Amino acid sequence: MSTTELNRQGRIAVISINNPPVNALSHSVRSGLMQCLQQLADDHDLDAAVVHCIGRTFCAGADIREFGRPPQQPFLPELVLALDASAKPVVAALHGTALGGGLEVAMGCHYRVAAKSAKVGLPEVLLGLLPGAGGTQLLPRLIGAEAALDVILDGKPRNVADPSIKGLIDAIADDDDLLASAVRFATEVAGKPVQRCSDRSVAAVDADYFEQRRSAIAKRTRGLISPKKIIDCVQAATTSSFAEGMRLEREAFLECQSSSQSAGLRHAFFAERTASKVPNLNAEVTARTLEQIVVIGAGTMGAGIAHNCLTAGYRVRLLDKDADGVARGDATVRRLMQGGVDRGKLTTAAADACLARFETSDDLTAVSDADLVIEAVFENMAVKQQVFRGLGEHCKPGAILASNTSTLDVDAIAAASGRAGDVIGMHFFSPAHIMRLLEIVRGRETADDVLATSIAFAKALGKIGVVVGNCYGFVGNRMLYSYGRENQMLLLEGAAPEVIDRVLQDWGMAMGPNAVNDLAGMDIGYKARKERKDRPDDPRFYRVADVLVEKGWLGQKTGRGTYLYPDGSRTPVPDPEVQALINAEAARLGIEQREISEQEIIERCIYGLIIEGARILEDKIAYRASDIDVVWTNGYGFPKYRGGPMHYADQVGLDKVYARICEFCERFGDTYWKPPALLAELAKNGGKFSDLG
Ligand code: T1G
């Protein structure tokens, strides 16, 4: 329940907004604020006002949950204009993160007093939007057009003392003295001429500057609508009147808001926050305390995981079976830490503090003090079971035992430990210190508090934890097989690798599948396929990749894979020898090659994902379709502005998706294309995956 009320401190009105958890500017907050402004105007015993928020933050923006519903007045721009027009000065008191519409409300006020720790930002671009309540017109008037463009285009929050936003904040207060400072400030300006942001002008900027920004942003935000419109609006702030600029901004905002891109990004925003909510997890359960982490396996993944845990504040011991492995892991962690300092992500002092909590050892039994052990050894069941037998013997009661396996049976690993209730899967994505996704694999016997601890641990690492069930490949890699399989089939059927990659990258994938294979190294997938017990009995299944690996053409690390990488470059160059090899394999398999349309390439790969996603829902390996979307938009380069494979299917229409899959089933057989019953049911009833909760 939200409240917005006006109280008095002498002749100063203190307007308090209270709308947990982040004081989003819901309809009731907007209405309450408008009423308080009217009360300020009408009350002759009030000379000025302070607007502040109760709880952890000033308004964090418009209430995104209201989008997609019929808008209710007062709209946010009306509120901002009413603040700006107030005859009596209004001071915003900022703490926490004043974001989006929250910062726009603050800029509608005449002054801004901020707590030292406060941050401000305009993250609308991350939702496929643009500041739609005056942000593109007000911010340039306070900090200049170029600086405003930086803030609005990157969408990142900045500390209020950041020099890049000089001119936005009028005074900075101690965190525990914010409201009193703001009231004192209001008292000082009371009775003086009001300083309206809208009255300011914006210094002229050369038109070429905006053109340069347009071409730069086009490369960085392939296909996105809102960045270009942001530049248009900020340019208008330098050339048009405030009223005209506001009109243009409103027009552009409504266009962005109604776009499928914004729908996809808003879906992703809420999906990432819902993913950590486990439907049948006992809410009373409390997480176990984690202080000492032990990572077993000092390879690339293990060292990345160790680095991630160190920067999150844990004590970390990195183990490997031999001294060379330990030395390599130690060097990797230190290199990653220095990289963070070089990029300005970490201060040297912070890096040193992390390393002071870091140690290594080649004694695999050095686990007795561990609160959590994360196994990151070779992806082989026998090797993992041996490690877990040791953990079962040497770890203290209550220690959590996690496997970083990317595909293997977590229950079989757990059984080897003799304490399956303490075992869980934690599938990190490479590079572990950068990728935000963590698949948390709930084993059959995983205890509720182990699961709750793992979810909290993911958040502490700054990752998006998605709880998934135990099957081959869990959610991400299980679906990757369908996507990769269709890529391989298309190669044999006549689509060149570079065509497939270009089409899928133009569609929005971060990289084409063949370039990804070369980047990761095709030997990894090759070994996993050889281990698979349920490998389809189909000579075409990943045939091209297998032949390339058997020739030693693994990808970038060998200078050639699907593509050539001359002189150690990382730019893929089509390889005529590979194309000849593909054609020969197709002929040997009796596959008649043909011209394949771009649309078919997209549908074969993306609908292959959707089918597997539907089967995952049928098998209850994911709690909700949006969890599958979170996995693919955060772990596999699926474009966030399309929301994820399941949201995309809903957008296309499940009846259309189902019909196309039935066609593929006719043409290519039901081994891979048999429509899941769930999809058929939803398509028949006009349903959506999002209806499943
Ligand atoms: N509207 C509705 N709910 C929101 C919300 C918002 N703007 N922001 C957060 N929530 C919910 C969130 O779903 C979660 O709910 C809970 O609050 C805690 O969030 C016209 C159009 C503020 C930095 O994009 O960046 O203004 O899961 O888990 O990690 O120009 O939330 O508990 O049920 O993220 O501490 C612009 C989005 C909107 C800011 C806090 N503003 N929010 O992070 O908590 S568009 C944003 C955030 C706009 C105007 C335009 C973060 C946070 P639940 P959380 P957190």
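Every number for a ligand or one of its atoms is a count from 1 in the order of the listing. One is the number of the first residue; the rest follow in order along the sequence. Note that the coordinates shown come from a computational prediction; the quantities given were computed from them, not determined experimentally.
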* Any side-chain donor near an acceptor of the partner, Ser262 and Arg266, under 3.5 Å -> yes
* Asp629 side, atom CG; Ser690 side, atom OG - distance, nearest 0.5 Å -> 9.5 Å
* Asked: For atom 25 (O) of ligand 1, which protein heavy atom lies nearest, and how many Å away is it?
  -> Leu99 CD1, 4.0 Å
* To do: Heavy-atom distances under 4.0 Å are what count here, so tell me which part of Leu122 touches ligand 1: side chain, backbone, both or neither.
  => neither
* Looking at Lys119 and Asp162, does any basic side-chain N land under 4.0 Å from a carboxylate oxygen? -> no
* To do: Measure from atom 49 (C) of ligand 1 to the protein's non-hydrogen atoms and state whether any distance is below 4.0 Å.
  => yes
* Asked: Cation-pi between Arg200 and Phe242: NZ/CZ under 6.0 Å from ring centre and within 45° of the ring axis?
  -> no
* Structure fact -> If we number the atoms of ligand 1 from 1 as shown, the ones under 4.0 Å from a heavy atom of Arg273 are 12 (C), 13 (O), 28 (O), 34 (O), 54 (P)
* To do: Could you tell me the residue and atom name of the protein heavy atom closest to atom 8 (N) of ligand 1, and the distance to it rounded to 0.1 Å?
  => Val22 CG2, 3.7 Å
* Structure fact -> A student checking ligand 1 against Pro131 at a 4.0 Å heavy-atom cut-off should list atoms 30 (O)
* To do: Would you mind running through ligand 1 and noting each atom that sits below 4.0 Å from a heavy atom of Pro123?
  => 24 (O), 41 (N), 46 (C)
* To do: Starting from atom 2 (C) of ligand 1, locate the nearest protein heavy atom and write down its residue, its atom name and how far away it is, to 0.1 Å.
  => Asp63 OD1, 3.3 Å
* Pick, from Ser262, Ala62, Ser26, Pro21, the option with the minimum heavy-atom distance to atom 26 (O) of ligand 1. => Ala62
* Asked: Mind checking whether Tyr636 and Trp632 have parallel, tilted or perpendicular rings, split at 30° and 60°?
  -> parallel
* Asked: Would you call Glu244 and Arg247 a salt bridge, using N to O less than 4.0 angstrom?
  -> yes
* Based purely on interatomic distance, does Thr97 place a nitrogen or oxygen under 3.5 Å from a nitrogen or oxygen of ligand 1? -> no
* To do: Pick, from Phe269, Phe67, Phe75, Phe58, the option with the minimum heavy-atom distance to atom 31 (O) of ligand 1.
  => Phe269
* Asked: Would you call Arg158 and Asp150 a salt bridge, taking side-chain N to carboxylate O under 4.0 Å as the test?
  -> no
* Before accepting this row, confirm whether a basic side-chain N of the pair Asp175/Lys116 lies closer than 4.0 Å to the acidic partner's carboxylate O. => no
* Give yes if a backbone or side-chain nitrogen or oxygen of Gly132 is under 3.5 Å from a nitrogen or oxygen of ligand 1, and no if not. => yes
* What are the atoms of ligand 1, with element, lying closer than 4.0 Å to any heavy atom of Glu104? -> 20 (C), 30 (O), 49 (C)
* Asked: Would you say Ile64 has any N or O atom under 3.5 Å from an N or O of ligand 1, going by distance alone?
  -> yes
* Which atoms of ligand 1 have any heavy atom of Arg56 under 4.0 Å away? -> 18 (C), 35 (O), 44 (O)
* Return yes if a side-chain donor-acceptor contact under 3.5 Å exists between Glu78 and Gln73, otherwise no. => yes
* Can you list the atoms of ligand 1 that are under 4.0 Å from a heavy atom of Phe270? -> 13 (O)
* Are any side-chain N or O atoms of Gln261 and backbone N or O atoms of Ile225, one a donor and one an acceptor, separated by less than 3.5 Å? -> yes
* Would atom 35 (O) of ligand 1 count as contacted, meaning some protein heavy atom under 4.0 Å? -> yes
* Structure fact -> Per-atom filter on ligand 1: closer than 4.0 angstrom to a heavy atom of Leu76 are 20 (C)
* Asked: What is the closest protein heavy atom to atom 33 (O) of ligand 1, and at what distance does it sit?
  -> Arg65 NH2, 3.5 Å
* Output yes when the distance from some N or O of ligand 1 to some N or O of Gly101 is under 3.5 Å, and no in every other case. => yes
* **Atoms in ligand 1 flagged as close to Phe253, the criterion being non-hydrogen separation under 4.0 Å** => 21 (C)
* Donor-acceptor pair, side chain of His95 and main chain of Thr57, under 3.5 angstrom -> yes
* What's the shortest distance from atom 29 (O) of ligand 1 to any protein heavy atom, and which residue and atom give it? -> Lys459 NZ, 4.1 Å
* Asked: Contact between Lys277 and ligand 1, counting heavy atoms under 4.0 Å?
  -> yes
* Which of these, Gly61, Gly100, Ala60, has its nearest heavy atom closest to atom 46 (C) of ligand 1? -> Ala60
* Arg65 to Phe67 six-membered ring, cation-pi geometry met (6.0 Å, 45°) -> no
* State, with a plain yes or no, whether a side-chain heavy atom of Tyr314 is found less than 4.5 Å away from one of Leu310. => no
* Distance-only donor-acceptor check, side chains Asp177 and Ser181, under 3.5 Å -> yes
